[in-house]
Novice: 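Below: one structure in C-alpha cells.
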Amino acid sequence: MLRNLVRGLIAGAAGTTVLDAVTYGDMAYRGRGSSGAPGEVVERLAEDTGHPVPGEGPTRTNRLTGLGALAGIAAGCGTGAAVAVLHGAGLRLPWWVGGPLTGALAMAAADLPMAGTKVSDPRTWSGKDWASDIVPHLAYGLVTYAVATCGQDRAPERCRSGA
C-alpha cells in the first residue's frame, strides 16, 4: 500500500505539472489573467475555521496566492494517491476511462470547494470558462492515471518493459 501511495503522490505531482503547463499555455495564448479563486477559497476556509491568514495589503494577498497554489498541489497529489491506492486494491480501468475519471475527480476537488464557499458558481460559467477548467483537468487525469498505473498488471507493455 505504501508503494502505491508513493506512486500516486508522484503521479499526482506529474499531473499537476501538466495541468499547470496547459493552464499557463492557455493564459499566454488568450492573454487571460490567472484565477484568484484558489486564494479566495483558502481565505474563506481559514476565516470559517477561526484561523485567518495574517498580514495586510500585498503581503496578505501574496500569502493567499501562495496558499491557494499549495492547496492545488495538495489536491493534485492527493487525487493521484487515491487513484493509485484504488488501482492497487484492484480497481482496474482502461486508460480511456481511468484518465478522464481521474481528471474529473481532481476537477471536483477544485470546483466543489469554490462552490461550497460561494467563491464561484459553476452554474454561471460560460463555455470558455468550462473549457479553461476541463481541458487542463483532462490532461492532468490522463498523465496522472498513466503514471499511477504504469508498471502494474494490465498496464501498457511499454511500462512493464521499462521503456
Side-chain angles (χ1 to χ4, degrees), residues 1-29 32 34-46 49 51 53 62-117 119-120 122 129-163:
M1 176 140 155
L2 182 59
R3 185 177 195 174
N4 288 327
L5 183 64
V6 171
R7 178 191 301 271
L9 290 170
I10 293 167
T16 299
T17 300
V18 169
L19 180 143
D20 287 345
V22 171
T23 299
Y24 294 139
D26 179 53
M27 290 168 58
Y29 179 75
R32 69 175 180 87
S34 62
S35 172
E40 291 177 44
V41 170
V42 167
E43 180 177 33
R44 297 230 177 130
L45 291 174
T49 59
H51 301 306
V53 175
N62 292 338
R63 280 191 179 123
L64 289 169
T65 299
L67 290 168
L70 289 170
I73 292 168
C77 290
T79 299
V83 167
V85 167
L86 288 171
H87 187 80
L91 180 61
R92 302 287 198 256
L93 300 171
W95 70 267
W96 47 271
V97 174
L101 195 58
T102 300
L105 181 60
M107 195 165 135
D111 294 351
L112 290 176
M114 282 194 295
T117 57
V119 166
S120 183
D129 294 334
W130 276 106
S132 294
D133 201 33
I134 292 170
V135 172
H137 282 97
L138 177 59
Y140 164 89
L142 292 171
V143 168
T144 300
Y145 194 75
V147 174
T149 61
C150 191
Q152 303 288 318
D153 57 355
R154 293 193 188 172
E157 182 61 37
R158 65 178 167 70
C159 294
R160 288 193 300 271
S161 67

Novice: Please list, chain by chain and in numerical order, all residues satisfying side-chain hydrogen bond (donor to acceptor under 3.5 Å, both in side chains) with S35, sequence neighbours excluded.
Specialist: none
Novice: Closest approach of A148 and V83, non-hydrogen atoms and distance?
Specialist: CB-CG1, 4.4 Å
Novice: Taking salt bridge (Lys or Arg N to Asp or Glu O under 4.0 Å) as the test, write out the residues that go with D26, two or more places apart.
Specialist: R30, R32
Novice: Using the test side-chain hydrogen bond (donor to acceptor under 3.5 Å, both in side chains), find all partners of D111 that sit at least two apart in sequence or belong to another chain.
Specialist: none
Novice: Determine whether Y24 and S34 make a side-chain contact, defined as any pair of heavy atoms from C-beta on separated by less than 4.5 Å.
Specialist: no
Novice: Using the test side chain to side chain contact (heavy atoms under 4.5 Å, CB included), find all partners of P100 that sit at least two apart in sequence or belong to another chain.
Specialist: L138, L142
Novice: For V6, which residues count as a side chain to side chain contact (heavy atoms under 4.5 Å, CB included) partner, sequence neighbours excluded?
Specialist: L2, I10
Novice: To the nearest 0.5 Å, what is the distance between OH on Y140 and OH on Y145?
Specialist: 13.0 Å
Novice: With sequence neighbours excluded, tell me which residues meet side chain to side chain contact (heavy atoms under 4.5 Å, CB included) with L101.
Specialist: L93
Novice: Does S120 have any side chain to side chain contact (heavy atoms under 4.5 Å, CB included) partners at least two apart in sequence or in another chain, and if so, which?
Specialist: M114, W125
Novice: So, for A115 and P122, which heavy atoms are closest and what is the spacing to 0.1 Å?
Specialist: CB-CD, 3.9 Å
Novice: Do R7 side-chain atoms and C150 backbone N/O form a donor-acceptor pair below 3.5 Å?
Specialist: yes
Novice: With a 3.5 Å cut-off and sequence neighbours excluded, list the donor-acceptor pairs that the side chains of residues 64-80 form with protein atoms.
Specialist:
unit_1: T65; atom_1: OG1; unit_2: T61; atom_2: O; d: 3.0
unit_1: T79; atom_1: OG1; unit_2: A75; atom_2: O; d: 2.8

Novice: Under the salt bridge (Lys or Arg N to Asp or Glu O under 4.0 Å) rule, collect the residues that match up with E43, sequence neighbours excluded.
Specialist: R60
Novice: Strictly by salt bridge (Lys or Arg N to Asp or Glu O under 4.0 Å), give each pair with a member in residues 69-81 just once, sequence neighbours left out.
Specialist: none
Novice: Give, for atom CG of L45 and atom NE2 of H51, the distance between the pair rounded to the nearest 0.5 Å.
Specialist: 12.0 Å
Novice: Quick check: closest heavy atoms across G8 and A84, and the distance to 0.1 Å?
Specialist: CA-CB, 3.4 Å
Novice: When rounded to the nearest 0.5 angstrom, what is the spacing between CG in L112 and OG1 in T117?
Specialist: 10.5 Å
Novice: How long is the straight-line distance from CG of L9 back to CG of N4, given to the nearest 0.5 Å?
Specialist: 11.0 Å
Novice: To the nearest 0.5 Å, tell me how far T49 OG1 sits from R44 CZ.
Specialist: 14.0 Å
Novice: Just distance, no hydrogens or angles: give the donor-acceptor pairs under 3.5 Å from side chains in residues 12-20, sequence neighbours left out.
Specialist:
unit_1: T16; atom_1: OG1; unit_2: G12; atom_2: O; d: 2.7
unit_1: T17; atom_1: OG1; unit_2: A13; atom_2: O; d: 2.9

